[in-house]
There are 2 protein chains.
Amino acid sequence: MVPTHDDPRYLRSREAIVAAAREVLLTHGPGALTHARVAEQAGIARATVYRHWPRSDQLLSEAMATVPMPFFDAPASPTRDWLVRELTTLAQQLGHHDVRVVATTLASAALWEDDMDARRARFADLLASRLADALDDARARGEVDLHTDPRDAAALVIGPLYYRATIERGTTDEHVVATLVDGLGRWR
Amino acid sequence: MVPTHDDPRYLRSREAIVAAAREVLLTHGPGALTHARVAEQAGIARATVYRHWPRSDQLLSEAMATVPMPFFDAPASPTRDWLVRELTTLAQQLGHHDVRVVATTLASAALWEDDMDARRARFADLLASRLADALDDARARGEVDLHTDPRDAAALVIGPLYYRATIERGTTDEHVVATLVDGLGRWR
DNA sequence: ATCCTATGAGACATCTTGACTCAGAGCGCC
DNA sequence: GGCGCTCTGAGTCAAGATGTCTCATAGGAT
């Protein structure tokens with residue numbers, strides 16, 4: 001009666017579809033993400049794809065969810081060193097094609113689809129919160145005198161990396177990361 | 001024999017198509033930009049749209065070109081004041097839906113289409129060059145000691161505004177702009 | 001071995017896409 | 001005003017895409 005969803009055949013198809021959707025998204029872009037194309041890439045029947053994800057925007061959601069996006073790790077002390085490490089990692093991840101695809105697709109799709117916008121909001125909020133918390137903590141410990149509101153910090157330090165990666169299509173070096181961190185406030 | 005291209009009928013159709021394409025792009029997104037939809041929006045025959053722009057990516061190019069994008073004006077002195085003015089304007093323009101649509105569409109489409117990537121590169125280079133030139137000039141006049149390479153300045157100051165507008169979907173206030181400008185170097 | 005469920009293969013109607021045709025209207029020119 | 005020329009509107013058409021449905025069969029639980 002009720003669909004099981006733990007049938008090995010079901011899970012196998014599901015995995016094949018997700019992997020194929022991911023592949024299509026990353027190599028041909030969100031515009032190429034159709035049921036037919038995913039079925040072909042996965043080597044399964046078109047009807048099966050429809051059974052799992054009836055609408056193609058769900059397919060896109062799923063495909064995007066499979067690409068690991070950069071987040072801030074748990075803060076460490078001293079906060080300045082932690083922040084430099086995290087931003088360097090983030091800059092490096094933004095150098096990867098997969099991450100750029102998902103980031104730009106997210107920013108673009110969020111303007112037209114509600115669930116994509118919700119995903120964007122969660123993503124932005126998570127980054128901003130983690131950074132703000134770490135900075136609040138550093139400030140409480142007297143490690144830094146901030147020049148700005150901690151909630152602005154994400155835009156201030158991630159923004160340049162993001163712009164560099166998606167608009168200028170280049171990489172960000174260590175020196176720029178250090179400049180960004182020092183721009184947040186006076187570190188002791 | 002040879003198509004004229006200054007026939008009033010031709011120009012009228014062209015204008016109607018461009019306006020309609022712009023409208024469709026801005027209200028329904030690049031995915032909705034089809035010949036049929038543009039024809040309907042423009043109130044003209046579908047075949048006419050094909051005659052003017054046979055491929056739909058050309059339609060997208062045209063539509064995007066109709067939206068005025070922010071650039072830096074000619075530098076004024078003192079450079080710091082000019083820069084604050086320009087960045088404030090830029091932040092305000094990034095608050096407009098039209099500009100966000102074109103910016104995110106550009107970043108996204110550039111990953112999949114060569115001419116979009118060329119457009120992106122021109123856009124990024126123009127912004128970076130104008131800013132770098134203005135900063136070089138300010139440095140030569142002794143107005144500023146830069147902390148970074150002037151070619152990095154665009155990412156450093158535009159990046160946060162761009163991130164704020166497209167990922168966090170918020171506005172940037174004057175104080176943040178001032179922080180950004182002061183982060184570039186020591187102004188005299 | 002038996003039953004149940006998911007899949008594969010295909011049929012099917014419908015919609016979309018891009019090309020083409022042709023009559024008629026709009027425009028430049030005299 | 002009248003005469004050509006060219007562009008447009010409206011429609012047709014074939015090919016392909018899209019979404020639904022059916023049914024035989026294979027995979028897996030018991």
Side-chain angles (χ1 to χ4, degrees), chain A residues 1-25 27-63 66 105 109 112-113 115-116, chain B residues 1-25 27-64 66 105 109 112-116:
Chain A
M1 308 270 131
V2 148
T4 69
H5 283 224
D6 58 349
D7 188 313
R9 294 168 296 176
Y10 181 91
L11 296 175
R12 215 156 40 217
S13 299
R14 183 189 164 88
E15 281 315 298
I17 292 168
V18 169
R22 176 187 145 82
E23 196 61 22
V24 172
L25 170 65
T27 58
H28 301 281
L33 203 61
T34 64
H35 289 85
R37 190 121 192 197
V38 168
E40 187 191 22
Q41 171 76 30
I44 64 177
R46 201 161 55 88
T48 304
V49 183
Y50 277 102
R51 277 190 276 258
H52 283 253
W53 285 279
R55 298 201 323 276
S56 54
D57 58 293
Q58 301 168 330
L59 226 39
L60 177 58
S61 257
E62 264 305 310
T66 67
T105 301
W112 315 110
E113 290 166 40
D115 44 341
M116 279 294 172
Chain B
M1 312 271 128
V2 149
T4 67
H5 283 223
D6 57 351
D7 189 314
R9 294 167 296 174
Y10 181 90
L11 297 174
R12 213 156 41 215
S13 300
R14 182 189 165 89
E15 281 316 299
I17 292 168
V18 169
R22 178 190 146 86
E23 196 62 21
V24 172
L25 169 65
T27 58
H28 301 282
L33 203 61
T34 65
H35 289 84
R37 189 120 191 198
V38 168
E40 187 192 21
Q41 171 77 31
I44 64 176
R46 200 162 54 91
T48 303
V49 184
Y50 278 101
R51 278 190 277 257
H52 284 252
W53 285 278
R55 297 199 324 274
S56 55
D57 57 293
Q58 300 169 331
L59 224 40
L60 177 57
S61 257
E62 264 306 308
M64 287 178 60
T66 66
T105 300
W112 315 110
E113 289 166 43
D114 285 346
D115 44 341
M116 278 295 172

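Residue numbering restarts at 1 for every chain, and letters A, B, ... go by the order of the sequence lines. The shown structure was predicted, so the numbers you read here are calculated from the model rather than taken from an experiment.
- Across A:Leu25 and A:Leu60, no two heavy atoms sit closer than the pair CD1-CD1, 3.9 Å.
- Taking atom CD of residue B:Glu40 and atom P of nucleotide C:dT16, one finds them 10 Å apart after rounding to whole Å.
- Residue side chain A:Arg51 does not reach the base of D:dG19 through any donor-acceptor N/O pair under 3.5 Å, judged by distance alone.
- Separating the CZ atom of B:Arg9 from the C1' atom of D:dG4 is a distance of 11 Å, rounded to the nearest angstrom.
- Nearest to the side-chain atoms of A:His35 among the listed nucleotides C:dG8, D:dT8, D:dG19 stands D:dG19.
- Counting to the nearest Å, the C1' atom of C:dA6 and the CD1 atom of A:Ile17 are 11 Å from each other.
- The environment of B:Glu40 atom CD is sparse: at most 12 non-hydrogen atoms of other residues, nucleotides or ligands sit within 6.0 angstrom.
- At a cut-off of 3.5 angstrom, counting only N and O atoms as typed in the model, there is no donor on one side facing an acceptor on the other between the side-chain of B:Arg55 and the base of C:dG18.
- The side chain of A:Thr48 places no N or O atom within less than 4.0 Å of a non-bridging phosphate oxygen (OP1 or OP2) of C:dT7.
- Going from atom CG of A:Asp57 over to atom C1' of D:dT18 covers 15 Å, rounded to whole Å.
- For the pair A:Arg14 and B:Thr34, both in contact range of DNA chain C, the more 5′-proximal nearest nucleotide belongs to A:Arg14.
- The shortest heavy-atom contact between B:Val49 and B:Ile44 is CG2-CD1, 4.1 Å.
- Using a 4.0 Å heavy-atom criterion, one finds that A:Arg12 contacts the sugar-phosphate atoms exclusively.
- Put simply, the side chain of A:His35 gets close to the backbone of A:Trp53: a donor and an acceptor are under 3.5 Å apart.
- Counting to the nearest Å, the P atom of D:dG19 and the CH2 atom of A:Trp53 are 16 Å from each other.
- Residues B:Met116 and B:Met64 meet the side-chain proximity criterion, which asks for heavy atoms closer than 4.5 Å.
- Rounded to a whole Å, the CG atom of B:Leu11 is 12 Å from the C1' atom of C:dC27.
- A straight line from CG of B:Leu59 to P of C:dT17 spans 12 Å, rounded to a whole angstrom.
- For the pair B:Tyr10 and D:dC7, the criterion of a side-chain N or O lying under 4.0 Å from OP1 or OP2 is not met.
- For the pair B:Pro8 and B:Tyr50, both in contact range of DNA chain C, the more 5′-proximal nearest nucleotide belongs to B:Tyr50.
- Close to D:dT8, at under 4.0 Å from its OP1 or OP2, lies a side-chain N or O of B:His52.
- Taking every side-chain heavy atom of A:Asp7 into account, D:dG28 is the closest of D:dG28, D:dC7, D:dG9.
- A donor-acceptor contact under 3.5 angstrom links the side-chain atoms of A:Arg46 to the base of D:dG19.
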